[in-house]
There are 2 protein chains.
Amino acid sequence: MSQHRHPGAPGRAGAVPALPDLPEATVARLPEYLRALHNLAETGHETVSSEGLASAAGVNSAKLRKDLSHLGSYGTRGVGYDVALLIDQIEYVLGLTQRRAVALVGVGNLGHALAGYDGFVSRGFRIAALFDADAARVGEEINGLVVRHIDELPRVAAEEAIAIGVIATPASAAQSVADQLVAVGVTSILNFAPCVLSVPEGVDLRKVDLAIELQILSFHEHRKASLTALPATGGSALTALPGGLAVTDPQEAIGT
Amino acid sequence: MSQHRHPGAPGRAGAVPALPDLPEATVARLPEYLRALHNLAETGHETVSSEGLASAAGVNSAKLRKDLSHLGSYGTRGVGYDVALLIDQIEYVLGLTQRRAVALVGVGNLGHALAGYDGFVSRGFRIAALFDADAARVGEEINGLVVRHIDELPRVAAEEAIAIGVIATPASAAQSVADQLVAVGVTSILNFAPCVLSVPEGVDLRKVDLAIELQILSFHEHRKASLTALPATGGSALTALPGGLAVTDPQEAIGT
DNA sequence: AGGCGCTTGTGAAGGCGTGCACAAATCGCG
DNA sequence: CGCGATTTGTGCACGCCTTCACAAGCGCCT
Ligand SMILES: NC(=O)c1ccc[n+]([C@@H]2O[C@H](COP(=O)([O-])OP(=O)(O)OC[C@H]3O[C@@H](n4cnc5c(N)ncnc54)[C@H](O)[C@@H]3O)[C@@H](O)[C@H]2O)c1
Ligand SMILES: NC(=O)c1ccc[n+]([C@@H]2O[C@H](COP(=O)([O-])OP(=O)(O)OC[C@H]3O[C@@H](n4cnc5c(N)ncnc54)[C@H](O)[C@@H]3O)[C@@H](O)[C@H]2O)c1
């Protein structure tokens with residue numbers, strides 16, 4: 001509809017215009033496209049069709065085209081999308097050109113793994129600091145970073161511009177940690193602790209809960225079992241299912 | 001719409017009847033309710049209102065009531081829900097009464113953390129086996145379990161009824177591992193490797209990608225910054241936004 | 001026993017997301 | 001220079017999900 005503003009119309013994609021407000025579902029898929037694009041770029045592809053990129057990202061091609069159309073027209077009809085240009089565009093939209101600083105709080109079992117994870121760095125982020133409350137852990141060096149005491153958070157936050165806080169503490173400490181992060185100006189939090197956090201409006205909160213993922217799988221497992229076990233028993237809705245056990249299409253990434 | 005099947009129509013809720021086919025969005029929230037309910041049970045609550053449970057789980061109370069109504073009528077008007085009964089119901093529906101066996105493949109950085117995670121056990125699962133391809137890692141004992149070589153997967157799968165496979169290998173090995181899991185009859189897979197996996201129909205696949213979560217947060221961060229920086233610049237869609245920077249919706253915590 | 005307050009369960013409306021199907025646009029080639 | 005092959009961008013319809021609002025149901029108190 002209306003006219004699409006062509007961001008870098010004349011050519012350069014540097015000083016891009018205002019951010020379009022994308023549908024949340026689209027935002028959740030852009031990182032997926034980005035990863036697929038990087039793979040394509042590494043294997044020498046200069047352009048890619050919506051079909052090709054869609055299958056590389058594991059989505060429907062119509063969905064992909066609609067998603068990309070939200071950022072403007074960066075494809076060429078009859079040809080496809082320029083891989084390098086699209087990478088630049090998506091990275092810009094996602095705000096990955098700034099290598100945001102991430103603070104990790106809770107350097108235990110999981111925290112250690114996260115601190116040593118190279119996916120942080122390779123995909124646009126920078127671990128700026130590690131924090132823990134346990135004096136025994138403070139001072140330990142992981143991957144070139146020294147674990148600091150959580151009380152130092154305000155001071156460190158003043159030095160580094162911490163954009164994102166990652167919580168990997170026990171659930172009992174998570175709300176307190178979240179409060180402290182918010183207090184020093186962090187406006188995005190990723191929470192690994194299995195609990196509900198409350199944060200003020202304006203602060204974005206996402207959660208990763210392994211047990212929930214497993215329980216969702218368990219449900220489908222249970223359902224599949226009950227279908228094969230008693231094929232014509234349950235009645236009504238169950239047997240009314242057409243294909244039986246079609247893979248649902250998990251990850252909203254939205255969500256979820 | 002259509003006919004609603006009230007599971008335990010005649011009464012008893014013990015040997016529950018056929019599984020209702022729940023909306024996917026509901027399934028994804030049930031684990032959240034379950035965790036909140038366990039917390040409530042531990043703090044001595046015998047019943048809870050939809051409002052109370054909803055805020056404990058971080059959702060809207062209407063949504064919660066509709067979700068629960070899909071499993072049947074287990075609440076009492078004017079009173080609320082019986083906590084213990086609801087726990088039983090949800091655990092049954094999610095198939096958690098069977099303590100499903102989980103196999104973890106890839107005992108590296110992340111795999112170690114997962115293997116030592118007590119959330120597996122405390123929330124209805126059982127780690128049945130650990131696998132790795134690296135001979136140097138095979139034989140290592142973690143949390144009472146010995147790491148086995150991935151080649152032993154078929155044999156172990158024959159002994160233990162592995163319900164869920166968790167992939168924590170590098171992305172390059174993930175598809176191969178998934179194929180091997182499928183080959184031995186695993187029909188649910190949780191993938192931590194940042195790549196798209198393809199599995200046959202009938203196999204459920206979920207994915208956890210830390211970098212994607214961070215990139216989604218980065219987008220909102222970027223957007224918030226561009227809003228406050230140039231309040232009336234962008235034009236069109238941006239200024240058309242009503243509330244400005246309302247937190248999108250992710251897993252917002254509303255409770256107090 | 002009856003009324004009153006509280007809470008559930010749900011009908012209906014609106015919004016969002018998905019996928020189809022096709023017109024518009026671009027390239028390559030004769 | 002025009003035509004056909006190809007692929008994008010999108011209008012549209014449908015279905016899922018969310019949310020509101022309220023009638024029905026339940027317990028308690030008088
Ligand atoms: N280990 C896993 O694989 C895994 C998987 C999914 C989720 N989780 C969740 O992630 C969280 C961490 O798990 P873990 O296994 O690493 O636990 P852990 O006990 O090994 O580590 C927790 C760390 O947090 C630190 N801590 C406690 N209170 C703190 C505070 N107020 N401020 C700063 N640091 C504090 C502790 O000192 C400890 O080092 C838990 O909530 C767990 O449920 C873990
Ligand atoms: N470390 C983290 O915090 C983290 C976070 C998110 C995602 N991930 C992802 O999880 C995966 C594992 O990360 P990591 O840091 O533990 O890596 P890692 O290299 O430490 O561990 C990978 C393990 O998988 C094993 N492996 C390799 N090929 C195998 C095969 N074919 N069969 C069985 N085992 C095999 C390796 O021997 C190694 O022990 C990666 O895909 C990574 O991107 C890691």
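To find a chain, count down the sequence lines: A is the first, B the second, and so on, and within it residues start at 1. As the structure is a prediction and not an experimental result, all values here were calculated from the model.
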Within this structure, what is the [atom1]-to-[atom2] distance between [X] and [N], rounded to whole angstrom?
X: A:Leu68; N: D:dT8; atom1: CG; atom2: P; result: 9 Å
X: B:Asp82; N: D:dG27; atom1: CG; atom2: C1'; result: 15 Å
X: A:Leu64; N: D:dT8; atom1: CG; atom2: P; result: 8 Å
X: B:Arg65; N: D:dG25; atom1: CZ; atom2: P; result: 16 Å
X: B:Tyr81; N: C:dT8; atom1: OH; atom2: C1'; result: 6 Å
X: A:Lys63; N: D:dA13; atom1: NZ; atom2: P; result: 21 Å
X: A:Leu22; N: C:dG17; atom1: CG; atom2: P; result: 11 Å
X: A:Tyr74; N: C:dA25; atom1: OH; atom2: P; result: 19 Å

Protein-nucleotides 28-30 of chain D N/O pairs closer than 3.5 Å?
none

Holding to side-chain contact (heavy atoms from CB on, under 4.5 Å), I want the full list of residues that pass it with [X], two or more places apart in sequence or in another chain.
X: A:Glu51; result: A:Ser49, A:Ser61
X: B:Gln98; result: A:His222, B:Arg100
X: A:Ala56; result: A:Ala36

remark   = Note: contacts of residues 45-52 of chain A with DNA chain D (heavy atom, under 4.0 Å) are A:Ser49, A:Ser50
query = Knowing that exactly one of B:Leu94, B:Asp67, B:Leu30 qualifies, which makes a side chain to side chain contact (heavy atoms under 4.5 Å, CB included) with B:Leu22?
reply = B:Leu30
query = Considering residues at least two apart in sequence or located in another chain, which fulfil the side-chain hydrogen bond (donor to acceptor under 3.5 Å, both in side chains) criterion with A:Thr43?
reply = A:His45
message = On DNA chain C, does the nearest nucleotide to B:Ala62 precede the nearest nucleotide to A:Asp67 from the 5' side, or the other way round? Give the residue.
response = B:Ala62
inquiry  = For B:Gly75 and A:Asn60, find the nucleotide of DNA chain C closest to each by heavy atoms; which residue's nucleotide sits nearer the 5' end?
reply    =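 Nearest-nucleotide comparison on DNA chain C picks B:Gly75.
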Results of salt bridge (charged side-chain N to carboxylate O under 4.0 Å, His left out) for [X] - residues two or more places apart only:
X: B:Arg123; value: A:Asp209
X: A:Arg65; value: none
X: A:Glu221; value: A:Lys224

query = Between A:Glu32 and B:Lys207, is the closest basic N to carboxylate O distance under 4.0 Å?
reply =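 Yes, this pair counts.
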Kindly give the atom pairs (protein nitrogen or oxygen, nucleotide nitrogen or oxygen) under 3.5 Å for nucleotides 26-30 of chain C.
{"unit_1": "C:dT26", "atom_1": "O4'", "unit_2": "A:Arg77", "atom_2": "O", "d": "3.4"}

Distance-minimising heavy-atom pair for [X] and [Y]:
X: B:Val48; Y: B:Leu53; answer: CG2-N, 3.5 Å
X: A:Val203; Y: A:Val186; answer: CG2-O, 4.2 Å
X: A:Gly75; Y: A:Tyr81; answer: CA-CD2, 3.4 Å

Report each atom pair, protein N/O against N/O of nucleotides 12-16 of chain C, whose distance is under 3.5 angstrom.
{"unit_1": "C:dA12", "atom_1": "N6", "unit_2": "B:Lys66", "atom_2": "NZ", "d": "3.0"}

query = When rounded to the nearest 0.5 angstrom, what is the spacing between CZ in A:Phe219 and OH in B:Tyr92?
reply = 10.5 Å
query = Among pairs that include at least one residue of residues 75-89 of chain B, which meet salt bridge (charged side-chain N to carboxylate O under 4.0 Å, His left out), considering only residues two or more places apart or in two chains?
reply = none
